[in-house]
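On a predicted model such as this, the values are computed, not experimentally measured, just so you know. We use all heavy atoms of the structure for the numbers below, so side chains are in, but hydrogens, waters and symmetry mates are not. When a residue number appears, it is its place in the shown sequence, counting from 1.
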Amino acid sequence: MTDQAPPVPASDDGPPARDAGAGLRAGVTVIAALLVLVALWFGRELVAPLALALVLVVIVHPIRHPLERRGWPRWAATTVVIAVVYLILAVLAALLVFAGVEFTDLVVDVVDELHAAVASVAAWLTSMGFGEQLADATASALDPSALIDLAQGLGGG
């Protein structure tokens with residue numbers, strides 16, 4: 001005699017029952033994520049500089065320990081770290097100014113082509129029957145001087 005149990009017949013009751021709380025957890029998670037995103041959007045003027053500061057500290061802080069191991073006082077090592085952060089910020093600002101100047105030069109270089117493209121779009125809108133007013137409004141919005149003003153406004157922001 002063997003001590004084997006008789007085989008249990010397989011039950012085909014359909015798919016396993018879902019946890020009733022899984023949908024509630026998913027909904028709460030989505031709502032919480034949306035609340036965090038809304039809070040970040042409203043606090044963007046505070047969060048963006050703090051995030052930049054955090055990234056800079058993470059990048060620059062490892063400089064401090066080798067300086068302290070070489071016998072530098074803590075205040076001197078911290079001062080060097082702060083100076084390096086300001087140097088990085090100055091380089092980023094210079095790169096932003098350089099990019100703005102290059103964009104302005106690029107727009108000035110292709111201003112004739114932009115005028116031709118704007119005239120082409122205005123003519124196309126008129127030929128499609130949208131009216132002269134819409135074509136003029138589109139042409140004024142796509143004017144190269146308006147684009148330069150937009151770029152300067154974005155750079156200032």
Side-chain angles (χ1 to χ4, degrees), residues 13-125 128 130 133-157:
D13 295 337
R18 289 190 65 209
D19 183 14
L24 180 63
R25 273 193 307 270
V28 168
T29 302
V30 168
I31 290 172
L34 287 174
L35 286 175
V36 167
L37 290 175
V38 167
L40 286 174
W41 185 79
F42 279 118
R44 67 188 176 271
E45 292 182 9
L46 179 66
V47 173
L50 288 176
L52 177 63
L54 178 67
V55 168
L56 289 174
V57 166
V58 167
I59 290 171
V60 177
H61 185 70
I63 295 173
R64 185 171 178 233
H65 296 296
L67 294 175
E68 287 178 359
R69 279 195 303 261
R70 289 191 173 104
W72 287 47
R74 290 182 117 180
W75 65 268
T78 302
T79 303
V80 168
V81 167
I82 292 170
V84 170
V85 167
Y86 277 115
L87 180 67
I88 290 172
L89 288 174
V91 167
L92 288 174
L95 288 173
L96 186 62
V97 168
F98 177 74
V101 168
E102 288 296 314
F103 178 75
T104 304
D105 290 344
L106 177 68
V107 171
V108 169
D109 287 345
V110 296
V111 73
D112 294 332
E113 295 164 4
L114 286 174
H115 281 295
V118 168
S120 171
V121 167
W124 178 75
L125 286 173
M128 294 298 288
F130 286 108
Q133 292 175 340
L134 179 63
D136 290 340
T138 304
S140 66
L142 295 176
D143 186 44
S145 62
L147 292 176
I148 291 174
D149 291 341
L150 175 68
Q152 288 174 344
L154 290 176

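More than 12 heavy-atom neighbours from other residues, nucleotides or ligands sit within 6.0 angstrom of CD on E102.
Remark: D109 CG to D105 CG distance equals 6.5 Å, nearest 0.5 Å. Note that the OH atom of Y86 and the CG atom of L56 stand 11.0 Å from one another [nearest 0.5 Å]. Atom CG of L87 sits about 13.5 Å away from atom CD1 of I82, to the nearest 0.5 Å.
Panel note: side chain T29, backbone R25; a donor-acceptor pair is recorded below 3.5 Å. R64 contributes no side-chain N or O that, together with a main-chain N or O of H61, makes up a donor-acceptor pair within less than 3.5 Å.
Of the candidates V38, I31, L37, I31 is the only one forming a side-chain contact (heavy atoms from CB on, under 4.5 Å) with L35. Results of the side-chain contact (heavy atoms from CB on, under 4.5 Å) test with I88 over V85, V91, V84 single out V84 as the only residue that passes.
Nearest heavy atoms, P49 versus R44: CD-O, 4.0 Å.
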Could you walk me through whether L89 and L52 pass the side chain to side chain contact (heavy atoms under 4.5 Å, CB included) test, one step at a time?
-> CA-CA 10 Å; L89 288 174; L52 177 63; 3.9 Å; yes

